[in-house]
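Notes follow the structure.
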Amino acid sequence: MGNLTNKAQWVDTSGNKIHAHGGCIQKFGDWYYWYGENRMDDIYVSCYRSKDLTIWEYRNNILTIHSKTEAVKYETDLMLVRDKDGDYGPVHELNLNRVDPFNKVNIERPKVVYNEKTKKYVMWAHFENGVNYSCARACVASCDTPDGDFVFHGSFSPLGNMSRDCTLFKDDDGTCYFISNARDNMDMMIYKLTEDYLSVEKVVNKIFVSQNREAPVVFKHNNLYYMLTSFCSGWEPNQCMYSYAKSLDGEWKQLEKCADEITYDTQPAFSITLDGGQILYFGDHWSGGEYFSSSYVVLPLEFYNDNSIDFKYVNSFNIENGKYLIKED
Ligand code: GAL
């Protein structure tokens with residue numbers, strides 16, 4: 001086990017920089033899997049795994065421009081690269097007639113959950129056409145194994161809504177929810193997914209209306225549903241805020257500030273609950289201009305009796321036996 005320094009350039013067991021931005025970590029069996037954006041070459045999403053959350057082994061580029069495609073909805077678009085005019089088209093033709101240099105689309109904030117019924121690992125992410133940010137769609141992919149080659153099921157507008165920054169939340173009863181920005185980032189939608197997690201079934205709530213929140217992170221603590229979000233300022237950091245509710249379709253409390261006014265120069269990516277019960281904030285330390293220098297920050301969340309939360313900056317840490325330990329410099 002090794003100490004990790006927040007905002008440093010973390011590397012995998014082969015010494016290569018870890019590219020898993022805007023992602024998520026899920027425990028499947030004995031392993032933690034870390035999924036995230038990787039904009040290198042023909043890659044979209046990379047996967048690493050670890051037993052202790054500090055030593056990461058590269059596993060696979062699970063979504064690339066060459067990924068197999070298979071529609072799950074008739075109105076779905078299967079494009080993973082664009083033709084030379086930037087036009088949409090069926091992915092098999094585009095891949096065969098790929099122009100050089102090819103035009104990639106954008107796949108952002110990928111989140112993966114396991115579906116016990118279908119035994120599939122299902123990914124949802126934010127999809128843009130690679131030209132501008134006007135596409136505003138969700139996309140879905142799935143695989144039989146956590147780190148295999150995912151099949152791309154296409155991009156679409158959930159129930160006709162725009163969809164940008166997003167996350168997934170799987171509740172204790174196995175129901176899965178997709179949470180994403182709609183109406184040009186004005187509102188946050190909470191959708192219930194279908195049983196196979198491949199489509200949206202219905203809207204269960206519309207929250208933070210006209211408040212321009214993005215980067216949603218949802219977790220459960222003490223029977224309350226919490227959400228951490230940022231404001232919309234692109235790659236520039238801003239004040240993280242949180243809210244909570246007794247149920248996802250219930251009333252969410254007014255947003256309150258946590259961390260500092262630039263969230264220690266990070267934006268929420270996801271949270272993870274350790275075996276010992278601690279909940280960690282996982283943030284992206286973006287370098288917008290030099291995307292590949294972007295790094296990560298992991299901090300323990302603090303909970304108070306009045307259901308408020310906060311987190312403080314820590315330079316170095318280790319995770320030992322399911323516990324986050326602050327390391328003195
Ligand atoms: C952020 C968003 C990121 C990325 C970035 C691009 O606001 O949370 O996921 O889309 O903008 O400008």
Decide yes or no for [X] and [Y]: does some side-chain heavy atom of the first lie under 4.5 Å from some side-chain heavy atom of the second?
| X | Y | result |
| --- | --- | --- |
| Leu159 | Val203 | yes |
| Tyr281 | Val217 | no |
| Pro268 | Cys240 | yes |

(message) Considering only residues two or more places apart or on different chains, which pairs with a residue in residues 242-262 satisfy salt bridge (charged side-chain N to carboxylate O under 4.0 Å, His left out)?
(response)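 Salt bridge (charged side-chain N to carboxylate O under 4.0 Å, His left out) check on residues 242-262 returns no pairs.
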(request) Please find out if less than 6.0 Å separates the ring center of Trp124 from that of Phe156. (result) yes
(message) Could you check whether Tyr226 and Phe303 have their ring centres less than 6.0 Å apart?
(response)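 Yes, they do, as the ring centres are separated by less than 6.0 Å.
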(request) Report the C-alpha separation of Ser142 and His153 in whole Å, then their side-chain angles, then the decisive distance to 0.1 Å, and conclude whether the side-chain hydrogen bond (donor to acceptor under 3.5 Å, both in side chains) test is met. (result) CA-CA 8 Å; Ser142 74; His153 299 308; 2.8 Å; yes
(message) Taking the cut-offs as 6.0 angstrom to the six-membered ring centre and 45 degrees off its axis, would you call Lys104 and Tyr44 a cation-pi pair?
(response)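 So Lys104 does make the cation-pi contact.
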(message) Would Lys220 pass as a cation-pi partner of Phe169, given that its NZ or CZ must be under 6.0 Å from the six-membered ring centre and within 45 degrees of the axis?
(response)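 Geometry flag: not set, cation outside 6.0 Å or 45°.
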(request) For the pair Arg39 and Glu37, find out whether any cationic side-chain nitrogen is under 4.0 Å from an anionic carboxylate oxygen. (result)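 Yes, Arg39 and Glu37 are salt-bridged.
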(request) Inspect the contact between Asp165 and Arg213 and indicate whether a charged nitrogen and a carboxylate oxygen are less than 4.0 angstrom apart. (result) no
(request) For atom CG of Asn305, decide whether the heavy atoms of other residues, nucleotides or ligands shown that lie under 6.0 angstrom number more than 12. (result) no
(message) Please determine whether the number of non-hydrogen atoms from other residues, nucleotides or ligands lying under 6.0 Å from atom CD of Glu302 exceeds 12.
(response) yes
(message) Does anything in residues 15-27 form a side-chain hydrogen bond (donor to acceptor under 3.5 Å, both in side chains)? List the pairs, not counting sequence neighbours.
(response)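 Pairs touching residues 15-27 that pass the test: Gln9-Lys17, His19-His21, His21-Tyr296, Lys27-Asp275.
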(message) Working to the nearest 0.5 angstrom, can you tell me the gap between Arg49 CZ and Ile25 CD1?
(response)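 So the gap between those two atoms works out to 14.5 Å.
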(request) Tell me whether Leu4 is reachable from Ile279 by hopping between hydrophobic residues (I, L, V, M, F, W, Y) whose side-chain heavy atoms are closer than 4.5 Å. (result) yes
